[in-house]
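What follows is one structure encoded as structure tokens, with my remarks underneath.
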Number of protein chains: 2
Amino acid sequence: MNASIKDVAKIAGVSTATVSHTINNTRFVSEDIRKRVTAAMEQLGYQPNLVARSLRRQESKTIGLMIPDISNFVYTRVAEGVEVKLREHGYHVILSNSHDKLSVEAEMIKVYNSLLLDGLIMIPALGEHSYLHKALRGNYPVVFVDRRPKGFEGDCIMLDNMKSTYDVMKMFIAKGHRRIGLITGDPQLSTTSERIQGYKNALREHTIVVDESLIKKGSFSHGSGYDLTRDAVKEGKATALFFASDMMTIGALAFLQEQKIRIPQDVALISCNNFKWTEITQPSLSVVEQPSYEEGQKAAEVLLSRIAGEGGETQFKEYRIATRIILRQSFSMDES
Amino acid sequence: MNASIKDVAKIAGVSTATVSHTINNTRFVSEDIRKRVTAAMEQLGYQPNLVARSLRRQESKTIGLMIPDISNFVYTRVAEGVEVKLREHGYHVILSNSHDKLSVEAEMIKVYNSLLLDGLIMIPALGEHSYLHKALRGNYPVVFVDRRPKGFEGDCIMLDNMKSTYDVMKMFIAKGHRRIGLITGDPQLSTTSERIQGYKNALREHTIVVDESLIKKGSFSHGSGYDLTRDAVKEGKATALFFASDMMTIGALAFLQEQKIRIPQDVALISCNNFKWTEITQPSLSVVEQPSYEEGQKAAEVLLSRIAGEGGETQFKEYRIATRIILRQSFSMDES
DNA sequence: TTGTAGGCGTTATCAG
DNA sequence: CTGATAACGCCTACAA
């Protein structure tokens with residue numbers, strides 16, 4: 001059994017109130033007594049029981065973090081950004097994996113509601129989020145990252161998906177490409193619709209007719225990348241492809257290698273996520289670097305300021321984090 | 001403010017004791033009262049306060065999970081295995097990132113001690129772990145995964161590092177290789193020493209003299225893989241290399257491509273971790289598949305049985321999970 | 001400057 | 001079959 005504040009008080013020969021106050025520096029304690037108390041704590045190896053403290057203070061110094069896939073590097077980078085920033089401020093993180101399923105997410109929210117959490121950061125799962133109006137009881141602030149939920153308003157930290165896609169398309173177009181494929185994810189996702197918007201904007205600006213059959217929607221999976229690439233290249237005659245996820249790029253490479261389609265001569269590629277392995281494929285892969293870690297950091301900052309009550313303003317804010325395009329051989333052999 | 005058990009009791013016109021018992025099915029409740037109570041709970045959207053419950057029951061249905069790097073796929077796979085298995089049993093996970101630093105780990109353990117955790121699963125950080133004798137107070141069972149801690153005994157789930165390395169070496173030797181490099185991690189790690197043991201056993205069995213300069217120890221990083229590969233190939237004249245980490249393999253590929261050293265003709269490679277991208281490098285990479293997810297699952301199972309008290313036996317157990325070698329072109333062009 | 005005591009929301013031990 | 005009530009460990013208003 002761990003020592004409690006009573007044990008400390010007894011040994012130090014003071015009241016529990018005094019012990020509590022010395023621990024929390026919440027009222028004056030004479031030097032003599034402070035010494036006796038700290039000595040007693042030392043002797044017992046006393047650590048305040050955080051559960052009892054949470055119950056009493058009605059706050060836990062803990063925040064919930066929900067991500068759709070704990071095996072996806074992008075999301076764990078977000079998680080790391082969140083964790084590091086929050087730990088700096090004395091908060092712990094309860095991590096949950098929604099498996100991108102609304103049902104799991106909703107279940108976890110119920111648990112969160114019972115844990116006296118101080119806040120919640122989440123990458124919303126696929127689907128409609130108006131259920132959150134009921135599920136969340138306003139006991140703690142919520143911040144969304146990476147995807148914007150449908151049907152629910154809140155602070156939101158995202159990448160500049162529209163602009164990055166727009167920029168990628170401008171580069172392809174400048175290289176002379178006219179049939180450009182966009183290999184992207186589920187159309188329900190805000191990231192997907194934003195990318196499509198950027199894609200269309202760029203093409204229209206150059207009076208290129210948008211061929212909807214070149215906008216391929218699937219899942220962020222290897223198989224989906226394989227299939228959609230086949231369709232875009234074989235049927236769509238695409239000469240350039242932009243991928244919304246690294247997993248899809250891998251599937252695409254598998255297909256292109258099988259078919260002995262040359263990169264970038266026959267088809268030029270730009271992928272998402274500047275993972276280390278994109279440098280050692282042949283040809284090396286051009287990528288849009290996604291600062292996921294920074295997304296997490298920013299989300300944590302915004303949440304902290306909400307917890308601090310600076311959100312007296314009910315106005316929700318949207319934050320966009322800039323991406324960066326890194327050109328390598330898969331875009332053009334001119335690149336190093 | 002959330003509804004409490006008192007509110008429910010008042011509305012249902014019963015005592016809090018009765019409400020508690022209907023919730024927990026812990027003593028008989030008449031059908032009539034049960035209905036009134038559930039109706040009241042429904043009406044209030046009542047959810048039991050888990051913090052109060054933890055304090056009262058002295059258990060939290062929560063376990064701690066500490067991993068050395070939350071951005072490393074291997075460890076997050078372990079985490080996912082743990083999370084999925086534990087959630088099936090109604091447990092939540094508090095995840096922490098030790099950043100492979102003993103100081104962070106120790107700090108987090110203090111927090112864990114104050115949270116009424118029901119158990120702890122950890123991949124120990126680099127270093128000496130005898131401090132755990134003091135830091136852990138036996139309030140909850142602990143299970144180690146992937147690495148064995150130095151200086152502390154406990155249940156331990158690991159991969160068969162020695163055997164897998166041994167098998168890899170046998171394959172290289174059968175192919176005629178005599179100068180084989182082992183590119184591995186920090187020598188403090190149990191995984192490293194086990195691999196070295198497997199390496200030596202295989203060579204000695206074939207009366208190949210072990211050249212210590214071919215056993216390269218570094219960190220699981222890109223740069224380390226680059227440097228150690230250079231040394232092994234340039235100075236060590238290695239014709240085959242086995243890598244303990246995928247990151248090191250990427251560094252190695254960068255070096256070999258720069259030098260236009262042919263794989264597998266000049267140097268044959270086998271890497272760890274069957275990541276999807278290893279299939280689309282050229283040549284495709286041979287790998288040792290590490291069932292990290294299963295490690296996590298097993299760890300969770302062992303912990304659950306300890307929590308259930310089946311560990312009346314103080315005897316700690318060691319579990320080994322089998323790996324699988326997948327041969328592709330980097331081993332020999334004969335492979336598909 | 002320090003102590004007393006009530007209560008956070010549950011559960012469990014008594015009674016009735 | 002159900003209800004009071006103490007206790008889990010801590011914090012804080014009030015009292016001294």
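Lettering follows sequence order; numbering is per chain, from 1. All of these numbers come straight from a predicted model, not from anything done at the bench.
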Revision key, fill the gap. Separation of dC10(D) atom P from N49(A) atom CG, nearest Å, is 5 Å
**Study point:** Below 4.0 Å: OP1/OP2 of dG3(D) and any side-chain N or O of T18(B)
**Key:** yes
Review point. According to a strict under-4.0 Å criterion, is N24(B) in side-chain N/O contact with OP1 or OP2 of dT11(C)?
Key: yes
Check your understanding: Does a side-chain N or O from Q58(B) land closer than 4.0 Å to OP1 or OP2 of dA7(D), or not?
Key -> no
Practice item. Determine the contact category for L50(B): base if any of its heavy atoms lies under 4.0 Å from a base atom, sugar-phosphate if only primed atoms, P, OP1 or OP2 are that close, otherwise nothing. Key: nothing
**Study point:** Sidechain-backbone polar pair: S60(A) side chain, L116(A) backbone, donor-acceptor under 3.5 Å
**Key:** yes
Exercise for review: Could you tell me the separation between the NZ atom of K10(B) and the C1' atom of dG9(C), rounded to a whole number of Å?
Suggested key: 14 Å
Check your understanding: Checking all strands, does E31(A) fall into the base, sugar-phosphate, or nothing category for heavy-atom contacts under 4.0 angstrom?
Key -> nothing
Review point. Does dC10(D) have OP1 or OP2 sitting under 4.0 Å from an N or O in the side chain of S54(A)?
Key: no
Check your understanding: If you look at every heavy atom in P141(B) and I307(B), which pair is closest and at what distance?
Key -> CG-CG1, 3.8 Å
Review point. Applying side-chain hydrogen bond (donor to acceptor under 3.5 Å, both in side chains), which residue pairs with at least one partner in residues 113-129 of chain B are found, sequence neighbours left out?
Key: E105(B)-H129(B), N113(B)-Y140(B), E128(B)-S130(B)
Review point. Does the R306(A) side chain pair with the main chain of G119(A), one donor and one acceptor, at a distance under 3.5 Å?
Key: no
Check your understanding: Among pairs that include at least one residue of residues 53-80 of chain B, which meet salt bridge (Lys or Arg N to Asp or Glu O under 4.0 Å), considering only residues two or more places apart or in two chains?
Key -> R77(B)-E80(B)
**Study point:** Separation of dT10(C) C1' from N25(B) CG (nearest whole Å)
**Key:** 16 Å
Exercise for review: Figure out the NE2/P separation between H21(B) and dG9(C), and round it to whole Å.
Suggested key: 20 Å
**Study point:** Of R57(B) and R27(B), the one whose closest DNA chain C nucleotide lies more 5'
**Key:** R57(B)
Practice item. Select one nucleotide: of dC10(D), dC1(D), dG9(C), the one nearest the side-chain heavy atoms of F28(B). Key: dC1(D)
Revision key, fill the gap. Per atom distances to the A17(A) side chain, the nearest of dT10(C), dT1(C), dT12(D) is dT12(D)
Review point. With no angle test and no hydrogens, is the base of dA12(C) tied to the side chain of R56(B) by a donor-acceptor pair under 3.5 Å?
Key: no
Revision key, fill the gap. To the nearest angstrom, the NZ-P distance between K6(A) and dT4(C) comes to 13 Å
Exercise for review: Look at all strands and tell whether V29(B) reaches a base, only sugar-phosphate, or nothing, counting heavy atoms closer than 4.0 Å.
Suggested key: sugar-phosphate
Check your understanding: To the nearest angstrom, how far is D32(B) atom CG from dC1(D) atom C1'?
Key -> 12 Å
Practice item. Return the value, rounded to whole Å, for the distance between atom CE of M41(B) and atom P of dT10(C). Key: 11 Å
Exercise for review: Identify whether any heavy atom of V14(B) sits under 4.0 Å from a base atom; if not, whether one sits that close to sugar-phosphate; answer base, sugar-phosphate or nothing.
Suggested key: sugar-phosphate
Review point. Tell me, do N139(B) and N2(A) make a side-chain contact under 4.5 Å, heavy atoms counted?
Key: yes
Review point. OP1 or OP2 of dT10(C) sitting under 4.0 Å from any side-chain N/O of S20(B)?
Key: no
Review point. Between E59(B) (CD) and dT11(C) (P), how many Å, whole number?
Key: 11 Å
**Study point:** Side-chain N,O (S15(A)) to OP1/OP2 (dT2(C)) below 4.0 Å
**Key:** no
Review point. With respect to the phosphate group of dC10(D), does any side-chain polar atom (N or O) of T16(A) fall under 4.0 Å of OP1 or OP2?
Key: no
